[in-house]
Asker: 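The structure under discussion is supplied below as structure tokens; questions concerning it will follow.
Basis for what follows: all heavy atoms, side chains included, without hydrogens, waters or symmetry-related copies.
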Amino acid sequence: MRHLWLAALCVLSLLAPSLAQAQGPCVRDALNQKVCLAEPAQRIVSLSPGATELLFSAGAGEKVVAVSAWSDYPPEAENLPQVGDSNRLDLEAIVSLAPDLVVAWVDGNSRSQLERLSDLGIHVFWLAPRTFDDIAAAVSDLALLTGLPDLGNERAEAFRADMAALESQYADARPVKVFYQIWDQPLMTVNREELISKAISLCGGVNVFGELPRLVPRISREAVLEANPEAIITAGSSDDRQWLEAWREFPGLAAVAAGNLFLEPPDLLARPTLRMAEGAMHLCQTLEQARANL
């Protein structure tokens with residue numbers, strides 16, 4: 001495949017000057033880099049499941065020619081060729097697809113690897129949604145880069161409206177102390193900067209580990225017992241309830257005593273995409289049940 005890489009280098013190097021002078025769609029990405037295309041992207045490679053979902057939400061699904069591993073939503077994405085995962089990308093395969101846009105994830109992709117694509121003149125657009133508005137803005141930006149700004153803006157505004165409605169609905173709700181478990185061994189949670197925690201706050205919950213400095217901190221069983229949450233929540237299928245059932249060994253925990261051990265639908269809160277509105281709505285209903293049990 002080395003000959004393919006060298007051929008691409010020659011061709012794209014010749015194209016680079018004209019691309020730099022392009023006057024097509026222009027947006028800034030999560031690295032504050034200006035990404036300007038000669039015309040709306042027609043061949044897109046997505047390098048994370050979240051980016052794949054956001055591209056489809058922006059209306060650009062038919063323009064996606066390859067994705068990363070675990071890109072399983074929407075279902076059509078599962079049929080697309082895969083070009084690696086967060087640990088390793090097949091750069092030669094990406095180049096062979098002749099993309100005019102690669103969409104990467106700040107927390108999941110290697111910058112050094114993708115700098116090689118940029119050096120070939122391939123446009124790389126980085127995503128890193130940290131807030132609900134960032135999710136909406138990502139959809140609008142991707143829609144602009146792919147020539148579908150009206151559709152993207154419509155879907156982004158609908159998402160903003162859904163989240164604002166939830167915030168208003170639960171603004172005066174009784175606070176519920178929440179421990180959100182994202183892993184068991186080692187025991188892990190999220191701090192207040194993570195979007196799952198922002199959803200908890202939106203629903204009137206209080207993340208008992210919100211003040212920890214790391215985005216995804218490791219904690220001890222003793223720390224959970226000391227925090228004494230009123231609800232313990234994790235995400236997964238019915239087969240994943242063992243994480244919750246393990247807490248029944250501590251009947252003195254407020255969450256256990258109240259029967260507030262909840263399993264949320266997987267993916268709806270795990271990925272920063274438009275489906276977070278659905279996930280937040282479900283989470284808010286869960287916390288309403290927790291309030292009723294206290």
Asker: D141 versus V35: any side-chain heavy-atom pair under 4.5 Å?
Answerer: no
Asker: Less than 4.5 Å apart, any side-chain heavy atom of E193 and any of R130?
Answerer: no
Asker: Using a 4.5 Å cut-off on heavy atoms from C-beta on, say whether the side chain of H123 contacts that of L37.
Answerer: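 The answer is yes; the side chains approach within 4.5 Å.
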Asker: Classify the side-chain pair E157/N153 by whether it contains a donor and acceptor separated by less than 3.5 Å.
Answerer: no
Asker: Does E278 come within less than 4.0 Å of R275, counting only side-chain N to carboxylate O?
Answerer: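 Salt bridge between E278 and R275, a charged N being under 4.0 Å from a carboxylate O: no.
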Asker: Between D29 and W126 (side chain of the first, backbone of the second, donor and acceptor by atom type, cut-off under 3.5 Å), is there such a pair?
Answerer: yes
Asker: Got I44 and V65 here, is their nearest side-chain heavy-atom distance under 4.5 Å?
Answerer: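 The answer is no; the side chains never approach within 4.5 Å.
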Asker: Can you check whether R160's main-chain N or O pairs, donor with acceptor, with D133's side chain at less than 3.5 Å?
Answerer: no
Asker: Between the side chains of T273 and E53, is a donor N or O closer than 3.5 angstrom to an acceptor N or O?
Answerer: yes
Asker: Hydrophobic cluster membership, with links at side-chain heavy-atom distances under 4.5 Å among I/L/V/M/F/W/Y: are V45 and V106 in one?
Answerer: yes
Asker: To the nearest 0.5 Å, what is the distance between CD (Q289) and SG (C284)?
Answerer: 14.0 Å
Asker: Could you tell me whether the side chains of E264 and T286 share a donor-acceptor contact shorter than 3.5 Å?
Answerer: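 Short answer, yes.
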Asker: Over all heavy atoms of both residues, which pair between E194 and L215 is shortest? Give the atoms and the distance, please.
Answerer: N-CD1, 3.6 Å
Asker: Could you tell me whether the side chain of N191 and the main chain of R214 form a donor-acceptor pair under 3.5 Å?
Answerer: yes
Asker: Would you check if E288 and R174 make a side-chain contact, meaning some heavy-atom pair closer than 4.5 Å?
Answerer: no
Asker: If the threshold is 4.0 Å, N to carboxylate O, is there a salt bridge linking D184 and R221?
Answerer: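 A salt bridge is present here (some side-chain N lies under 4.0 Å from a carboxylate O).
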Asker: Check D150 with R155, please: is the shortest side-chain N to carboxylate O separation under 4.0 Å?
Answerer: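 Between D150 and R155 there is no salt bridge, as every charged N stays at least 4.0 Å from the carboxylate O atoms.
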Asker: Quick one: name the residues clustered hydrophobically with L263, using the 4.5 Å side-chain heavy-atom rule over I, L, V, M, F, W, Y, and just say none if it's on its own.
Answerer: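 Under the 4.5 Å side-chain rule, L263 groups with F179, L187, V208, F209, L212, I219, V224, L225, I232, L244, W247, F250, L253, V256, L261.
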Asker: Is the closest side-chain heavy-atom distance between F56 and Y73 below 4.5 Å?
Answerer: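 No, every pair of side-chain atoms sits at 4.5 Å or beyond.
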Asker: Within the structure provided, determine whether C26 and K34 are in side-chain contact (heavy-atom separation under 4.5 Å).
Answerer: yes
Asker: So W183 and T234, do their side chains get closer than 4.5 Å, heavy atoms only?
Answerer: no
